[in-house]
Amino acid sequence: MILNKSQIDAHNEKGLAKHKKGFDYVSGIIPDAEGIIKKLTDFQVAIPSWALGSGGTRFGRFSGGGEPSTLEEKIEDIGLLHQLNRSSGAVSLHIPWDIPTDAKAIKNLAADFDLKFDAMNSNTFQDQKDQKLSYKFGSMQHVDKGVRQQAVDHNIEVIKYGQELGSTSLTVWLADGSSFPGQLNFRNAFNNTLESLQSIYSALPDDWKIFVEYKAFEPNFYSTTVGDWGQSLLYANKLGEKAYTLVDLGHHLPNANIEQIVSLLLNEKKLGGFHFNDSKYGDDDLTVGSIKPYQLFLIFKELVEGMDARGLNHATDLGWMIDASHNIKDPLEDLLQSVEAINLAYAQALLVDSKGLNEAQLNNDVAGAQEILQDAYRTDLRPVLAEARLRAGAALSPLQLFREEKIRQQLIGKRGEKTVATGL
Ligand code: RM4
Ligand code: MN
Ligand code: MN
């Protein structure tokens, strides 16, 4: 599915007068709308190949129809998203859910849609059909060296796929841990995992990064071997300078101060990448910004401040990915909403009066500091986002255009009601 330029233009034409009023107003009251537009245009969020179909829970899965059943179709869907918002210019692949059997053809297809390949994701949390040894009791932590080696080999294979596609990072998320007290020797599990990660690290190409993702619980419910940012940071520090921590917003215990974690990881030069989603309870993988938009803004405020303090490029120096699951929404609509929420929080963070905030902090002006943050958060920057899209040739309202053009109905017509995408 691909839209014609004329379809986008017609949609934009219809909304232009109203948009212009909103944009003129907001660009008149904020200091640097042009600067924000420039940064938004550069900022791209990778779409995970495993999130283009309906997700599910262990109780059931309700397919919405028209789901992509091949990697090619998934890339087409991401291409469509990118056409609609010009902010989703990258793909993040999960192996073996999405093996690029003909890497050259896949790379060319992605390039046709102006898409790059972001971090590659390995999978040692499920047993595959023809797999020799089981991950039931873990992968890199396993008491059996053979299982650990199998997990290492898989990750090295994932790196190879990534090299063929032009990716430069590997994300490792482990389900390793234990479900009952006494099941595991914590120190041995940690040391086995470290040793396995070291073997992968030594196979990592020079220009690659490895991201160690942590998660508090699930599927194991008593302990997790990379359970929090402290453990991830331990691994990353021991591995070396190409190793970083990856923060997935849904992987903390309730009420964790994620913005503080982000700030300190940046300070330690160890924040590598991000998985965006939102949650009420645990790893809910809901639409970004749907539950705690203020928290998302506070996280971006720390990201912007921390990256600026170190002279990092916002768009390229960290890996930005969505990691969500769509159980009841149309996956493409859900992803459009997530990208919009990310861009909005980013723009709000760029608006923060950092000089004023610094002064307020130095003067212990607590109320003043809050005013500065909330002033940025409560300024409606949606017209600035829309203006950035308009200038980039995307849609003023991507979701509306998706509906106007009846894209899901067309996809169902093409692919059928019963297709099922690989992934969660
Ligand atoms: C995990 C974690 C990983 C993702 C898998 C599918 O909870 O978030 O990043 O690859 O789910
Ligand atoms: Mn994740
Ligand atoms: Mn997760």
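Whatever order the structure lists ligands and atoms in, that order sets their numbers, starting from 1. Just the heavy atoms: all of them, side chains too, but no hydrogens, waters or symmetry mates, feed the values below.
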For ligand 1, is any non-hydrogen atom under 4.0 Å from [X]'s backbone (N, CA, C, O), its side chain (CB onward), both, or neither?
X: Glu218; result: neither
X: Asn121; result: neither
X: Asp283; result: side chain

Could you list which atoms of ligand 1 come closer than 4.0 Å to a heavy atom of [X]?
X: Asp323; value: 2 (C), 3 (C), 4 (C), 8 (O), 9 (O)
X: His275; value: 9 (O)
X: His251; value: 2 (C), 7 (O), 8 (O)
X: Asp248; value: 8 (O)

### Task
Report the C-alpha separation of Gln337 and Lys329 in whole Å, then their side-chain angles, then the decisive distance to 0.1 Å, and conclude whether the side chain to side chain donor-acceptor pair (under 3.5 Å) test is met.
CA-CA 11 Å; Gln337 289 183 319; Lys329 284 183 188 165; 2.8 Å; yes
### Query
If you measure only the distance, is there a donor-acceptor pair under 3.5 Å linking the side chains of Gln7 and Glu405?
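Short answer, yes.
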### Query
Who passes salt bridge (charged side-chain N to carboxylate O under 4.0 Å, His left out) against Lys38, sequence neighbours left out?
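Result, salt bridge (charged side-chain N to carboxylate O under 4.0 Å, His left out) vs Lys38: Asp42.
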### Task
Under the salt bridge (charged side-chain N to carboxylate O under 4.0 Å, His left out) rule, collect the residues that match up with Arg310, sequence neighbours excluded.
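Scan of Arg310 (salt bridge (charged side-chain N to carboxylate O under 4.0 Å, His left out), adjacent residues dropped) gives none.
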### Query
Would you call His94 a ligand 1 contact, heavy-atom distance under 4.0 Å?
yes
### Task
Return the set of residues passing side chain to side chain contact (heavy atoms under 4.5 Å, CB included) with Asn343 (not counting sequence neighbours), or none when no residue passes.
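By the side chain to side chain contact (heavy atoms under 4.5 Å, CB included) rule, Asn343 matches Leu40, Phe43, Ser87, Val339, Leu385.
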### Query
Any side-chain heavy-atom pair from Gln163 and Trp208 closer than 4.5 angstrom?
yes
#### Entry: Passing option when Asp278 is tested against Leu296, Asp285, Ile291 for side-chain contact (heavy atoms from CB on, under 4.5 Å)
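When side-chain contact (heavy atoms from CB on, under 4.5 Å) is applied between Asp278 and each of Leu296, Asp285, Ile291, only Ile291 qualifies.
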### Query
Do you know which of Val262, Val45, Ile322 makes side-chain contact (heavy atoms from CB on, under 4.5 Å) with Phe274?
Val262
### Task
Check whether any N or O atom of Lys215, backbone or side chain, sits under 3.5 Å from an N or O atom of ligand 1, and answer yes or no.
yes
### Task
Indicate the ring-plane relationship of Phe221 and Phe217, choosing parallel, tilted or perpendicular according to the 30° and 60° boundaries.
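Ring orientation, 0 to 90° scale: tilted.
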### Query
When you check the space around the Mn ion (ligand 2), which protein N, O or S atoms turn up under 2.8 Å?
Glu213 OE2, Asp248 OD2, His275 ND1, Asp323 OD2
### Task
Is it possible for you to check whether Lys242 lies under 6.0 Å from the centre of the six-membered ring of Tyr201, through NZ or CZ, and within 45° of that ring's axis?
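That pair qualifies as a cation-pi contact.
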